[in-house]
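Report on the following structure.
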2 protein chains.
Amino acid sequence: MQIEFKIKLNNSLFLRDPDGTEIGKNIIRKSIKLISEIGYEQFNFKKLALEIPTTEATVYRYFENKHKLLIYLIDYYWAFIRYQVLFNINNLKSPADKIRTIIDLLVWEDNSVTYSTDIDQKALYYIAITDGSKTFLSKEVDNLNKNQVFVPYKELCELIASVFKEYNPEYKFSNSLASTLVEASHLQYFFMHHLPRLCDFADHKDPKVLELFLENLVFGALDNQ
Amino acid sequence: MQIEFKIKLNNSLFLRDPDGTEIGKNIIRKSIKLISEIGYEQFNFKKLALEIPTTEATVYRYFENKHKLLIYLIDYYWAFIRYQVLFNINNLKSPADKIRTIIDLLVWEDNSVTYSTDIDQKALYYIAITDGSKTFLSKEVDNLNKNQVFVPYKELCELIASVFKEYNPEYKFSNSLASTLVEASHLQYFFMHHLPRLCDFADHKDPKVLELFLENLVFGALDNQ
DNA sequence: TTTTTATGATAGTATTACTATTGTTTTAAA
DNA sequence: TTTAAAACAATAGTAATACTATCATAAAAA
């Protein structure tokens with residue numbers, strides 16, 4: 001089955017909508033490729049233009065700077081995950097099953113379903129892990145936030161928090177637990193591959209064990225109060 | 001009571017030991033001041049030299065680049081927190097009390113004990129929150145890790161994990177729970193002040209409520225298995 | 001068919017992230 | 001006490017980054 005998937009992102013992120021033109025789509029596609037290959041710090045618009053290929057000036061007509069482009073990619077990522085969550089918990093009755101499904105979707109496995117977007121989902125997942133938090137961890141955060149650029153992330157967390165509330169209406173920290181779950185799913189995956197002493201999954205590097213940890217964490221918190 | 005506190009950090013982080021000279025100590029002091037004021041991205045060695053005051057060239061004789069300097073600061077921070085944890089859980093019998101003490105030390109409160117180092121502890125805490133994860137979230141991570149630069153962070157997590165093991169020897173994810181706790185303590189504090197919809201502490205911005213969340217999270221996980 | 005818009009090609013600027021050199025001061029060893 | 005070594009200031013310079021500006025051309029819309 002091929003599912004069409006379109007997201008409209010906050011237009012304060014770009015000068016020209018990259019989704020409207022072929023060259024714009026290439027900026028997105030190739031920036032995902034390049035950032036996942038060389039890392040966000042080494043990435044710049046000159047290298048991107050070379051890769052597309054186009055000119056640096058053209059890239060600057062779409063995005064003010066590489067930070068805005070990164071936020072665009074990460075927003076897309078969160079919106080996409082949220083879509084998958086909505087789609088997959090839709091027909092589930094039990095909140096516990098919904099939670100397990102959410103955790104399964106948050107952690108990449110090589111048999112993960114990919115959709116017919118022209119975007120390299122796995123590369124984008126790696127960027128989200130390594131660079132996602134850089135979108136907001138800066139002095140710019142309050143200004144960016146005024147422009148609503150973190151809405152996709154918030155909406156995903158809200159959705160997850162609402163499932164937590166469904167599971168246990170008495171639980172007082174649904175939002176914090178949701179953002180902690182989302183962040184931990186990324187960070188523990190990163191640790192599993194790069195800083196194994198900070199986690200307990202180094203031996204087999206099995207995402208399923210990471211999921212077990214997260215399930216224990218979430219249900220432990222929700223059942224504890 | 002005034003407690004003297006000295007830490008020797010990994011010498012692959014610097015070219016000349018900043019702890020050995022007055023100008024070196026100023027590099028540390030003033031970089032903490034500057035980074036906490038203008039943010040890591042806007043910070044550079046030219047501005048730092050101006051602040052000290054010294055020349056840019058002199059700063060480069062101590063640190064290769066600003067990323068290494070950041071790691072130095074963050075390593076110092078983790079070593080310092082670990083020292084505080086060791087000191088404060090030393091005379092506690094109950095593992096549960098130790099855990100509550102650890103969580104209390106991880107979350108900044110304005111009545112937090114500060115030590116007679118010449119370092120602005122609160123400014124360093126803010127840098128650790130906003131920039132701490134930038135030390136390892138890059139393509140450089142594996143090379144840096146080979147040089148042992150993340151040891152202070154690992155040692156803190158190991159210490160915390162050992163307390164978890166003491167509390168519940170059956171628990172399988174002590175390391176992951178430790179790193180998740182440490183990261184969540186920072187991130188939820190950041191959300192409390194900048195992205196309130198991602199947490200549940202926005203109303204009163206009370207660190208004590210954040211501590212409650214973390215305690216529930218940790219004991220929930222540890223009691224669940 | 002004319003006008004608008006997007007892109008390519010090119011050039012240029014300010015800032016960043018360094019490296020190199022040389023003379024002077026401070027510190028340490030002889 | 002003298003001498004040598006190390007540290008620092010002052011200055012200059014380079015390569016890369018992060019943009020901005022201009023103008024010609026091609027494609028699309030009116």
Side-chain angles (χ1 to χ4, degrees), chain A residues 11-31 33-35 37-73 131 134-135 138-140 143-144 149, chain B residues 11-31 33-35 37-73 131 134-135 138-140 143-144 149:
Chain A
N11 59 14
S12 84
L13 286 175
F14 48 78
L15 304 169
R16 201 197 302 307
D17 185 358
D19 206 39
T21 65
E22 204 45 50
I23 208 162
K25 286 177 194 161
N26 260 312
I27 288 174
I28 302 308
R29 267 195 294 264
K30 297 291 191 180
S31 62
K33 179 172 186 283
L34 245 190
I35 295 174
E37 280 170 8
I38 65 177
Y40 178 67
E41 282 72 23
Q42 294 306 307
F43 168 86
N44 64 41
F45 281 3
K46 194 172 192 171
K47 292 174 184 170
L48 176 59
L50 208 71
E51 178 87 20
I52 290 181
T54 179
T55 61
E56 214 183 336
T58 296
V59 180
Y60 275 106
R61 285 191 196 100
Y62 282 85
F63 289 97
E64 245 179 283
N65 52 52
K66 72 172 181 173
H67 191 227
K68 290 268 175 91
L69 171 54
L70 177 66
I71 300 177
Y72 184 95
L73 298 181
D131 307 306
K134 295 171 192 168
T135 55
S138 88
K139 291 279 174 189
E140 283 187 284
N143 270 321
L144 289 166
V149 308
Chain B
N11 59 11
S12 84
L13 286 175
F14 48 78
L15 303 170
R16 201 196 301 308
D17 186 358
D19 206 39
T21 65
E22 205 44 51
I23 208 161
K25 285 177 195 161
N26 261 312
I27 288 174
I28 303 306
R29 267 194 294 266
K30 297 292 191 178
S31 62
K33 180 172 185 283
L34 246 191
I35 295 175
E37 281 170 7
I38 65 177
Y40 177 68
E41 281 73 23
Q42 294 305 307
F43 168 85
N44 63 42
F45 282 2
K46 193 171 194 174
K47 292 174 184 170
L48 176 59
L50 207 73
E51 177 88 21
I52 289 181
T54 181
T55 60
E56 212 182 336
T58 297
V59 179
Y60 275 105
R61 282 193 202 96
Y62 283 84
F63 290 97
E64 244 180 284
N65 52 52
K66 71 171 182 174
H67 192 227
K68 290 267 175 90
L69 171 53
L70 177 67
I71 299 177
Y72 184 95
L73 299 180
D131 307 308
K134 295 171 192 167
T135 55
S138 86
K139 291 279 174 189
E140 283 187 284
N143 270 319
L144 289 165
V149 308

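Residue numbering restarts at 1 for every chain, and letters A, B, ... go by the order of the sequence lines. What you are looking at is a predicted structure, and each value in this text was computed from that prediction instead of being measured.
- B:R29 and B:E22 are joined by a salt bridge, as a carboxylate oxygen and a charged side-chain nitrogen come within less than 4.0 angstrom of each other.
- Atom pair B:L48:CG and C:dC18:C1' shows a separation of 15 Å (rounding to whole Å applied).
- Per the geometry, CG belonging to B:L50 stands 13 Å off P belonging to D:dA9, to the nearest Å.
- Distance B:Q42 CD to C:dA17 C1': 15 Å, rounded to the nearest Å.
- Here the C1' atom of nucleotide C:dA17 and the CD atom of B:E64 are 12 Å apart, to the nearest Å.
- Taking only side-chain nitrogens and oxygens, A:N65 never comes nearer than 4.0 Å to OP1 or OP2 of D:dA18.
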Quick one: do B:E51 and B:K46 satisfy salt bridge (Lys or Arg N to Asp or Glu O under 4.0 Å)? Show the steps, please.
CA-CA 9 Å; B:E51 177 88 21; B:K46 193 171 194 174; over 6 Å; no
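- Closest to the side chain of A:T54, out of D:dA10, C:dG8, C:dT19, is C:dG8.
- No donor-acceptor contact under 3.5 angstrom links the side chains of B:S31 and B:Y72, judged on distance only.
- Looking at the side chain of A:K47, the nearest of the listed nucleotides C:dT16, C:dA17, D:dT17 is D:dT17.
- Along DNA chain D, the nucleotide nearest B:E22 and the nucleotide nearest B:A57 are compared for position; the residue whose nucleotide lies closer to the 5' end is B:E22.
- No donor-acceptor contact under 3.5 angstrom links the side chains of B:E41 and A:H67, judged on distance only.
- B:E56 comes within 4.0 angstrom of a nucleotide base, judged by non-hydrogen atoms across all strands.
- Per the geometry, CD1 belonging to B:I23 stands 12 Å off C1' belonging to C:dT26, to the nearest Å.
- In this model, the phosphate group of D:dC8 is approached by a side-chain N or O of B:Y62 to a distance below 4.0 Å at OP1 or OP2.
- Going from atom CZ of A:F14 over to atom C1' of C:dA6 covers 16 Å, rounded to whole Å.
- Distance A:K25 NZ to C:dT7 C1': 17 Å, rounded to the nearest Å.
- Nearest nucleotide to the B:R16 side chain, out of C:dC18, C:dG8, D:dA7: D:dA7.
- Between A:F45 and B:G24, the one whose closest nucleotide on DNA chain D sits nearer the 5' end is B:G24.
- If you check every strand for non-hydrogen atoms under 4.0 Å, B:R61 touches a base.
- Within the 4.0 angstrom heavy-atom criterion, no nucleotide atom of any strand lies near A:F63.
- Between B:N26 atom CG and D:dA7 atom C1' the separation is 15 Å, expressed in whole Å.
- Here A:T58 does not reach the OP1 or OP2 of C:dA6: none of its side-chain N or O atoms lies under 4.0 Å away.
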Under the salt bridge (Lys or Arg N to Asp or Glu O under 4.0 Å) rule, what do B:K33 and B:E37 come out as? Steps first, then yes or no, please.
CA-CA 6 Å; B:K33 180 172 185 283; B:E37 281 170 7; 3.3 Å; yes
